[in-house]
Number of protein chains: 2
Amino acid sequence: MKEGPSIAEVASLIGDPARANMLGALMSGRALTAGELANEAGITAQTASGHLAKLREAGLLMVEAQGRHRYFRLSGADIAQVIEGLMGIAARTGNLRTRTGPRDPDMRRSRVCYDHMAGEWAVRLFEGFVETGRLALADAAVSLTPAGKAFFVAEGIDVAALEKSRRPLCRTCLDWSERRPHLGGALGKAVLDHAMAKGWARRSATSRTLTVTPPGHLAFQAWLSADEALRRRAS
Amino acid sequence: MKEGPSIAEVASLIGDPARANMLGALMSGRALTAGELANEAGITAQTASGHLAKLREAGLLMVEAQGRHRYFRLSGADIAQVIEGLMGIAARTGNLRTRTGPRDPDMRRSRVCYDHMAGEWAVRLFEGFVETGRLALADAAVSLTPAGKAFFVAEGIDVAALEKSRRPLCRTCLDWSERRPHLGGALGKAVLDHAMAKGWARRSATSRTLTVTPPGHLAFQAWLSADEALRRRAS
DNA sequence: ACAACGGTTCGGCCGCGGCCGAAGCTTCGA
DNA sequence: TCGAAGCTTCGGCCGCGGCCGAACCGTTGT
């Protein structure tokens with residue numbers, strides 16, 4: 001009857017509201033200090049310290065001491081993936097956050113998912129890439145086509161370097177607000193980095209929200225329009 | 001600061017040991033009665049009833065009344081996926097089940113993951129398929145090649161019918177014991193069904209364990225040997 | 001009709017664990 | 001060298017939630 005690893009411990013770790021809020025804040029992929037996380041969860045520093053010690057001990061978080069600060073981050077993409085999965089389940093079962101604040105629509109529009117884009121824009125771009133053969137969608141999986149590689153290289157993304165990394169180049173990630181996939185993996189991260197370097201998007205200092213700037217709107221629209229033209233020619 | 005759906009509730013639901021045991025038992029993909037689940041979790045019927053009501057209310061379980069029995073099952077593959085993810089995290093952080101029983105090695109060798117095969121055999125088969133181009137692996141994603149389709153059709157699996165279903169045909173699923181992917185999706189389910197119909201594998205009546213019969217060993221070996229021959233020819 | 005069985009509801013016990021106040025430790029800046 | 005800031009440890013309070021015994025309800029089979 002006892003089978004497999006004990007999921008109860010790690011799940012109950014995530015299951016405490018204060019800890020869940022901390023983990024949610026860390027879903028931005030950023031490293032945050034103990035104090036920031038305490039504030040995020042609405043608890044005192046000493047309580048937070050206890051929680052963080054547990055999360056660290058269980059291997060969910062990595063910690064890095066820097067002067068008198070201690071920076072915590074999620075210890076891996078697999079952790080983020082499970083949390084995103086839990087969000088999906090919670091959303092599916094109508095378990096929306098009690099009182100969704102005024103800033104919520106912004107986050108629905110665009111946000112950071114660990115280290116890549118998520119939300120309406122991310123999903124729209126992903127679907128555009130697929131429709132025009134820049135990404136090949138095989139069942140739930142994606143890969144970069146030669147045409148897609150040429151496109152991203154022309155945009156200034158060093159795809160060859162990404163391919164060398166051990167991390168998968170493309171990966172689908174289920175968007176909890178859109179319930180449709182968006183692009184993750186090394187390329188997903190590169191696209192976000194690129195967009196921020198170009199000033200197309202700006203991260204909020206305090207949340208996962210991602211603001212797409214006016215130039216960003218134009219740039220993304222251009223990507224989509226090019227897709228549109230390609231699609232017409234193809235049909 | 002409050003962002004996204006509330007993951008704490010669903011996580012804490014999974015986080016109770018009794019409930020986690022029930023969910024683990026349901027990972028076999030079977031529907032189990034309340035009594036069986038109570039027994040599985042080592043608690044009395046009335047306590048189990050309360051737990052099951054909560055899991056049902058949260059949408060994690062589906063229930064089907066049949067006579068004086070009530071059959072519970074996981075309400076979807078996404079739930080199973082999150083649980084498998086949690087198992088992966090728990091395993092990675094060295095959180096192995098306290099005292100792994102004697103039956104454990106069997107489960108490590110071969111078991112059912114919701115509705116497809118998992119364990120050593122599943123991983124070996126998956127890698128064999130990939131190496132010989134029956135499955136195409138693009139990053140973390142798989143798809144069925146024409147050669148692969150021909151192979152499975154020849155084996156007697158109605159691939160065309162599977163393609164019609166809304167469910168993705170191929171899907172990778174991370175094996176928690178092997179830490180490498182195996183085949184999920186509609187095709188993964190079909191392979192398991194096929195193996196059981198042919199008498200190549202038998203499911204345990206009480207656990208996720210899957211016993212590969214002697215004919216099954218021969219059949220799977222034949223699949224892999226064919227792969228071997230193909231690979232030699234290819235290189 | 002009745003007994004047996006599976007499941008649920010109710011009530012009360014109890015312990016685990018989250019929470020904070022206070023105190024201590026280390027690092028940083030003046 | 002001293003004070004302030006960030007974080008942790010300790011101790012004690014308290015409430016939530018899991019657990020079971022008992023009683024209740026519907027189904028089944030005789």
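Residue numbering restarts at 1 for every chain, and letters A, B, ... go by the order of the sequence lines. Scope of the values below: all heavy atoms of this structure, side chains included, with no hydrogens, waters or symmetry mates. Since we're looking at a predicted model, the values are computed, not measured.
Separating the CG atom of B:Leu55 from the C1' atom of C:dT8 is a distance of 16 Å, rounded to the nearest angstrom. In this structure, the OH atom of B:Tyr71 is 11 Å from the C1' atom of C:dG6, given to the nearest Å. The CD atom of B:Glu36 sits 17 Å away from the P atom of C:dC5 (whole-angstrom rounding). Atom CZ in B:Arg70 sits about 21 Å away from atom P in C:dC5, given to the nearest Å. When the P atom of D:dC20 is taken as reference, atom CG of B:Asn39 falls 13 Å away, rounded to whole Å. The separation between A:Asp16 atom CG and D:dG15 atom C1' is 14 Å, rounded to whole Å. Nucleotide C:dG21 holds its C1' atom 7 Å from the CD atom of A:Gln46, rounded to whole Å. Computed from coordinates, the A:Phe72 CZ to D:dG6 P distance equals 15 Å when rounded to whole Å.
Taking only side-chain nitrogens and oxygens, A:His51 comes nearer than 4.0 Å to OP1 or OP2 of C:dC19. Under 4.0 angstrom from either OP1 or OP2 of D:dC19 there lies no side-chain N or O belonging to B:Thr47. For B:Lys54, a side-chain nitrogen or oxygen approaches OP1 or OP2 of D:dG18 to under 4.0 Å.
Base engagement by A:Ala45 is indicated by at least one non-hydrogen atom pair under 4.0 Å involving a base atom.
The six-membered or imidazole ring of B:Trp200 lies near that of B:His194, with a centre-to-centre distance under 6.0 Å.
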Q | B:His182 and B:Trp121: CA distance, side-chain angles, deciding distance, ring pair (Phe, Tyr, Trp, His ring centres under 6.0 Å) verdict | A | CA-CA 9 Å; B:His182 60 244; B:Trp121 265 117; over 10 Å; no
Q: In sequence, state the C-alpha distance, the side-chain angles, and the governing distance for B:Thr33 and B:Arg70, and then conclude on side chain to side chain contact (heavy atoms under 4.5 Å, CB included).
A: CA-CA 5 Å; B:Thr33 68; B:Arg70 295 187 71 201; over 6 Å; no
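Take the nearest nucleotide of DNA chain D for B:Arg19 and for A:His69: the residue whose nucleotide is more 5' is A:His69.
Sparse packing is recorded around CD of A:Glu57, with 12 or fewer heavy atoms of other residues, nucleotides or ligands lying under 6.0 Å away.
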